[in-house]
Amino acid sequence: MKPVEVSRGDGPIVLGIPHSGTWLPGHIKAQLNDRGRTLANTDWHIDRLYHGLLPGATTVRATFHRYVIDANRSPKNESLYPGQNTTSLVPVTDFDGRPIWSNAPDAAEVAARRAAFHTPYHTALEVELKRVQKRHGVAILYDCHSIRSQIPYLFDGKLPDFNIGTASSSSCDERLEDLVQSICKATEWTTATNGRFKGGWTTRHYGRPLHGIHAIQMELAQSTYLVNEAPPFTYDELKCAPLRSVLAEILGRIASLAPELGI
């Protein structure tokens, strides 16, 4: 199994999908406890949800599970949200704060995983962003995520349905942020911008609007497209049809905006 899959398109948008993968190398799976093996923290079916929404989009998807290593965390393991509960480069707990390892990886193993999985994913992502920028004069990274709508360990209450992250409006042109926000707010779903989720390391690292690369993260509440947010985490076709329509509108209008964002 390759750690990353790339589907190249000729448009200005790159879809990053770091957390839909469920592959666990055998020796890593053996280190997980029973709770860890449920893979509860997966962005379930997010690749399926976005598939085919924008002709010409490039997709970069991690095939490995985030318990192997989290491709949306700093390789230096710096916290994205200092002072708040979160998970690390190689998580030691799930989103409920419960241990996931019978035999937790040591520093040497974390370094090996970083080289084998984290680095190849970001090498591929960087290559595609540069290729797209060379072709269009601009590249837009749209980072695709989802999470359970209620996780007391991470946040209070119920998460909004659309959670837009732009690193406090620093990772993309304000026109891009405003466009996505306006589309989401015009729907039946709830929306927050730079709330509990401001964009992960990917958004913060690549988003350099003054240099022609814009990045925005969309964190969807899984209640918007799953039958329920518990095993077996079934994809709900009826819920997904209207949601995919909104996501297609977002991506299409972003692509139309791209020429105005060139430097």
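Position 1 is the first residue of the sequence, and the numbers go up from there.
Residues R66 and D43 are in side-chain contact: their nearest non-hydrogen atoms beyond the backbone lie under 4.5 Å apart. Counting heavy atoms from C-beta on, the side chains of K130 and E126 come closer than 4.5 Å. Taking 4.5 Å as the limit, every side-chain heavy atom of S169 sits out of range of all side-chain heavy atoms of T193. At least one side-chain heavy atom of L24 sits less than 4.5 Å from a side-chain heavy atom of V68. Put simply, the side chain of R196 does not reach to within 4.5 Å of the side chain of N163, judged on heavy atoms. Within the 4.5 Å cutoff, no side-chain heavy atoms of T63 are placed close to those of Y121. Side-chain contact check for Y50 versus R61: every heavy-atom pair is 4.5 Å or farther apart. At least one side-chain heavy atom of Y142 sits less than 4.5 Å from a side-chain heavy atom of L247.
Separating the CD1 atom in I213 from the OG atom in S171 is a distance of 12.0 Å, to the nearest 0.5 Å. Taking CG of L243 as the start and CG of D161 as the end, the distance is 9.0 Å to the nearest 0.5 Å. The CG atom of N228 sits 10.5 Å away from the CD atom of Q222 when rounded to the nearest 0.5 Å. How far SG of C172 is from CZ of R208: 12.5 Å, rounded to the nearest 0.5 Å. Between the CG atom of L15 and the OG1 atom of T58 there is a distance of 8.0 Å, given to the nearest 0.5 Å. Here E219 contributes atom CD and K198 contributes atom NZ; the two are 13.5 Å apart, rounded to the nearest 0.5 Å.
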Please step through side chain to side chain contact (heavy atoms under 4.5 Å, CB included) for the pair R114 and I69, ending with a clear verdict.
CA-CA 7 Å; R114 185 169 55 238; I69 197 164; 3.8 Å; yes
Show your reasoning for whether side chain to side chain contact (heavy atoms under 4.5 Å, CB included) applies to E109 and I28.
CA-CA 10 Å; E109 183 169 353; I28 294 178; 4.3 Å; yes
Would you please test F162 and T190 for side chain to side chain contact (heavy atoms under 4.5 Å, CB included) and show each step?
CA-CA 6 Å; F162 292 112; T190 55; over 6 Å; no
Using the rule given for side chain to side chain contact (heavy atoms under 4.5 Å, CB included), can you reason through E260 versus D173, listing the C-alpha separation, both sets of side-chain angles and the distance that settles it, and then say yes or no?
CA-CA 10 Å; E260 300 179 31; D173 188 286; over 6 Å; no
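Residues I46 and L154 do not share a hydrophobic cluster, clusters being chains of Ile/Leu/Val/Met/Phe/Trp/Tyr side chains in contact below 4.5 Å. Residues L39 and M1 share a hydrophobic cluster, clusters being chains of Ile/Leu/Val/Met/Phe/Trp/Tyr side chains in contact below 4.5 Å. F197 and L49 are assigned to two separate hydrophobic clusters, defined by single-linkage of ILVMFWY side chains at heavy-atom distances under 4.5 Å. When the side chains of ILVMFWY residues are joined at heavy-atom separations under 4.5 Å, either directly or via intervening members, F117 and I100 end up in a single hydrophobic cluster. Hydrophobic clustering (ILVMFWY, side-chain heavy atoms < 4.5 Å, transitive): Y225 and F95 are in distinct clusters.
By the neighbour-count criterion of 12 heavy atoms within 6.0 Å, atom NZ of K158 is densely surrounded, having more than that number from other residues, nucleotides or ligands. No more than 12 heavy-atom neighbours from other residues, nucleotides or ligands sit within 6.0 angstrom of CG on D34. Counting non-hydrogen atoms of neighbouring residues, nucleotides and ligands closer than 6.0 angstrom, the CD atom of E174 reaches no more than 12 such neighbours.
The aromatic rings of W44 and F233 sit parallel to each other, their planes meeting at less than 30°, with 60° as the upper class boundary. Aromatic ring orientation, H65 versus Y67: perpendicular (interplanar angle above 60°, classes split at 30° and 60°).
When all heavy atoms are compared, the tightest approach of R73 to T87 is NE-O, 2.9 Å. Taking all atoms of both residues into account, the shortest heavy-atom contact from A62 to P18 is CB-O, 3.6 Å. Shown here for L89 and P75, the closest heavy-atom pair between the two residues is CD2-O, 3.6 Å. Contact detail for M218 and V180: the closest heavy-atom pair is CE-CG1, 3.9 Å. A pairwise comparison of heavy atoms in R253 and L179 identifies NH2-CD1, 3.3 Å as the closest pair. Scanning all heavy atoms of the two residues, the minimum distance from T202 to L125 falls at CG2-CD2, 3.7 Å.
Checked by atom type and distance alone, the side chain of R35 never pairs as donor or acceptor with a backbone atom of P99 at under 3.5 Å. Put simply, the side chain of S256 gets close to the backbone of G252: a donor and an acceptor are under 3.5 Å apart. Proximity of a side-chain donor or acceptor of R244 to a complementary backbone N or O of H51 within less than 3.5 Å is detected. The backbone N or O of I164 lies less than 3.5 Å from no partner atom in the side chain of E177, so there is not a single donor-acceptor pair. Between the side chain of H45 and the main chain of T234, no donor-acceptor pair closer than 3.5 Å is present. When atom types are taken as modelled, the side chain of R113 and the backbone of H118 share no donor-acceptor pair closer than 3.5 angstrom. Here the side chain of W189 pairs no donor or acceptor atom with the backbone of P160 at under 3.5 angstrom. For the pair K29 (side chain) and R37 (backbone), a donor-acceptor distance under 3.5 Å is absent.
E237 has a carboxylate O that lies under 4.0 Å from a charged side-chain N of R48, or vice versa, which qualifies the two as a salt bridge. Electrostatic pairing of D96 and R98 does not count as a salt bridge here, judged by no charged N lying under 4.0 Å from a carboxylate O. A salt bridge is absent between D178 and R175: the closest approach of a Lys/Arg side-chain nitrogen to an acidic carboxylate oxygen does not fall below 4.0 angstrom.
Using modelled atom types and a 3.5 Å distance limit, the side chains of S149 and E229 yield a donor-acceptor pair. Between the side chains of Y153 and T93, not a single donor N or O lies within less than 3.5 Å of an accepting N or O.
Screening T42, N72, N41, D143 against H19 for a side chain to side chain contact (heavy atoms under 4.5 Å, CB included) leaves a single residue, N72.
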